> 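I have a structure here, written as structure tokens, and I will follow up with some questions on it.
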Amino acid sequence: MICRSADKEYLPITGMPEFNKLSAKLMFGSGSPAIKESRVVTVQCVSGCLSLRVGAEFLAKHYHQHVVYLPEPTYGNHPNLISAAGLTLKTYRYYDPKTLVLDFQGLLEDLGSALTGAIVLFHACGHNPTGVDPTCQQWEQIRQLVRQRGLLPFFDCAYQGLVSGNLDDDAQSIRMFGCDGGECFVAQSYSKNMGLYGERIGSLSIVCKTADVARRVESQLKLIIRPLYSNPPIHGAAIVTAILKDRDLYQKWTNELKAMRDRLVQVRRQLYDSLCNKGTPGDWSHIIKQVGMYSFTGLNKDQVDFLTREYHIYMSSDGRINIGGLSSKAVPYFAGAIHDAVISSLPSSTLA
Ligand SMILES: Cc1ncc(COP(=O)(O)O)c(C=O)c1O
């Protein structure tokens with residue numbers, strides 16, 4: 001394991017300066033006007049979770065609107081992290097369980113009638129738990145609506161690179177908002193895309209309207225971080241910095257990331273083909289249309305219970321699976337189990 005930082009000194013309250021600079025570039029792009037104009041503040045945080053929490057604490061202390069809209073459904077820890085800071089939760093429609101796709105109309109309606117100035121949480125890519133993302137055109141419509149209505153976008157970016165296999169493409173949603181002159185928050189995590197789960201390494205970036213505001217925001221962030229955890233850990237930041245600043249290591253990392261993403265796509269295809277070949281009742285094309293690490297299989301609670309009872313296959317009761325946790329070898333067994341679960345849940349008249 002590479003570790004260019006042999007020392008174990010304390011980091012500054014806002015983390016390793018070089019890590020912050022490279023992380024901002026990774027998210028907003030090397031040509032980002034906001035970075036060039038010194039309007040972006042980036043602070044190293046304790047992974048994605050604490051990046052969200054520090055952002056929420058900042059908003060609770062300094063922002064006039066305390067209502068946050070979360071997509072329905074969303075990552076299970078979002079409500080905890082955001083309400084712990086004292087913010088009020090509401091939801092916006094995101095996913096239609098009947099059609100298993102994005103409820104884009106519902107999303108536009110809910111954000112169109114959201115409270116003025118409200119904070120809106122978006123998953124930058126690879127939405128957890130649905131695996132359903134807006135298209136680029138839809139993001140642009142969302143951006144226009146958010147800016148027209150004066151809403152404040154807060155992106156959670158936990159899967160950059162694992163959706164398209166390309167770090168720039170997966171940051172498109174963030175970059176659209178990051179370069180339009182408006183304000184925007186981004187919580188970033190290296191848990192998944194660098195496999196650094198236990199290092200707890202991530203960052204919070206805030207795009208401000210002017211460089212002067214950015215300087216003041218940074219000093220206020222220090223006042224929030226200091227009593228929370230004083231300063232972040234050093235080892236994960238040293239690993240990330242070593243990779244991001246070295247051309248060869250960066251190339252190796254992006255190649256590995258692409259290979260991991262390709263494996264996710266391949267397992268999705270294998271599962272879909274297996275279900276089609278078995279003639280499992282239903283349309284399973286959502287499995288290959290969804291992106292990233294997660295799939296909402298469309299299995300209902302009874303079917304999930306059946307899998308647990310009869311096959312010792314365990315998944316969340318909403319039918320979500322982590323595609324990354326499924327080996328190619330296990331797919332035939334899994335597909336067979338799904339087939340049985342679906343058949344056994346059909347009304348007996350359908351079998352006759
Ligand atoms: C959408 C989303 N955000 C944040 C996180 C938290 O990640 P971290 O381990 O970096 O705290 C996760 C983890 O699963 C996630 O899915």
Side-chain angles (χ1 to χ4, degrees), residues 15-16 19-20 23 26-27 42-57 59 68-85 87 89 91-92 94-95 102 119-134 139 153-164 167 170-171 173-174 184-205 225 228-229 232-237 239-240 243-244 257 260-261 264 290-296 315-316 318-326:
M16 197 179 276
F19 165 88
N20 291 336
S23 294
L26 191 69
M27 270 176 304
T42 302
V43 294
Q44 178 190 334
C45 286
V46 184
S47 210
C49 284
L50 261 280
S51 308
L52 288 159
R53 178 70 189 272
V54 170
E57 292 285 344
L59 290 164
V68 183
Y69 287 81
L70 300 176
E72 172 59 38
T74 194
Y75 166 52
N77 212 12
H78 278 156
N80 308 329
L81 291 163
I82 289 165
S83 59
L87 298 171
L89 303 177
T91 56
Y92 64 89
Y94 187 82
Y95 173 79
L102 182 73
I119 303 147
V120 186
L121 190 123
F122 295 112
H123 295 228
C125 62
H127 183 273
N128 177 9
T130 65
V132 172
D133 284 351
W139 272 122
F154 193 150
F155 280 92
D156 181 1
C157 184
Y159 300 96
Q160 189 181 358
L162 284 165
V163 172
S164 66
L167 287 153
D170 285 359
S173 56
I174 294 172
C184 160
F185 281 52
V186 184
Q188 179 207 25
S189 164
Y190 288 104
S191 296
K192 315 293 182 328
N193 61 9
M194 280 204 191
L196 293 175
Y197 299 86
E199 293 294 346
R200 312 310 291 139
I201 178 70
S203 72
L204 170 71
S205 287
I225 293 168
L228 270 181
Y229 52 84
I234 196 167
H235 193 77
I239 295 172
V240 173
I243 293 170
L244 294 184
L257 200 49
M260 291 312 295
R261 178 267 180 188
L264 294 172
Q290 293 163 349
V291 292
M293 279 175 77
Y294 301 104
S295 173
F296 245 23
M315 64 174 79
S316 42
D318 56 9
R320 185 196 81 152
I321 56 168
N322 180 346
I323 292 283
L326 196 56

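Basis for what follows: all heavy atoms, side chains included, without hydrogens, waters or symmetry-related copies. If you're wondering where the values come from, they're calculated on a predicted model, not measured in any experiment. Counting starts at 1 for both ligands and their atoms, in listed order.
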> Do any nitrogen or oxygen atoms of S47 lie less than 3.5 angstrom from nitrogen or oxygen atoms of ligand 1?
yes
> Which residue and atom name correspond to the protein heavy atom nearest atom 2 (C) of ligand 1, and how close is it?
D156 OD2, 3.4 Å
> Looking at non-hydrogen atoms alone, which of Y190, Y294, Y159, Y197 comes nearest to atom 16 (O) of ligand 1?
Y159
> For a quick check under 3.5 Å, do S47 and S191 share a side-chain donor-acceptor pair by atom type?
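A pair is found: one side chain offers a donor N or O, the other an acceptor, under 3.5 Å apart.
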> Y229 and Q44: which non-hydrogen atoms are nearest, and at how many Å?
OH-O, 3.9 Å
> Considering M293, K192, R200, which one's heavy-atom position lies nearest to atom 14 (O) of ligand 1?
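When every heavy atom of M293, K192, R200 is considered, K192 comes closest to atom 14 (O) of ligand 1.
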> So, regarding C49 and ligand 1 (criterion: nitrogen or oxygen to nitrogen or oxygen, under 3.5 Å), is there a contact or not?
yes
> With a 4.5 Å limit on heavy-atom distance, are the side chains of L52 and H78 in contact?
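A side-chain contact exists here, since the closest heavy-atom pair is under 4.5 Å.
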> Parallel, tilted or perpendicular: which describes the rings of Y294 and Y159, with under 30° parallel and over 60° perpendicular?
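Y294 and Y159: perpendicular rings.
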> Under a 3.5 Å cutoff, is there a donor and acceptor pairing between the side chains of T74 and Y94?
no
> State the atoms of ligand 1, each with its element, that fall below the 4.0 Å cut-off from a heavy-atom position in S191.
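Matching atoms, with element in brackets: 8 (P), 9 (O), 10 (O).
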> Would you confirm whether Q160, through its side chain, and D170, through its main-chain N or O, come within 3.5 Å as a donor-acceptor pair?
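Not a single qualifying donor-acceptor pair exists.
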> Within ligand 1, which atoms have a heavy atom of G48 less than 4.0 Å away?
8 (P), 10 (O), 11 (O)
> Looking only at heavy atoms, which two atoms of G292 and V163 are closest? And how far apart?
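Closest approach of G292 to V163: CA-CG2, 4.1 Å.
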> Quick one: does ligand 1 sit under 4.0 Å from the side chain of A158, the backbone, both or neither, non-hydrogen atoms only?
side chain
> Counting both backbone and side chain atoms, is some N or O of Y75 under 3.5 Å from an N or O of ligand 1?
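N/O-N/O distance under 3.5 Å: no.
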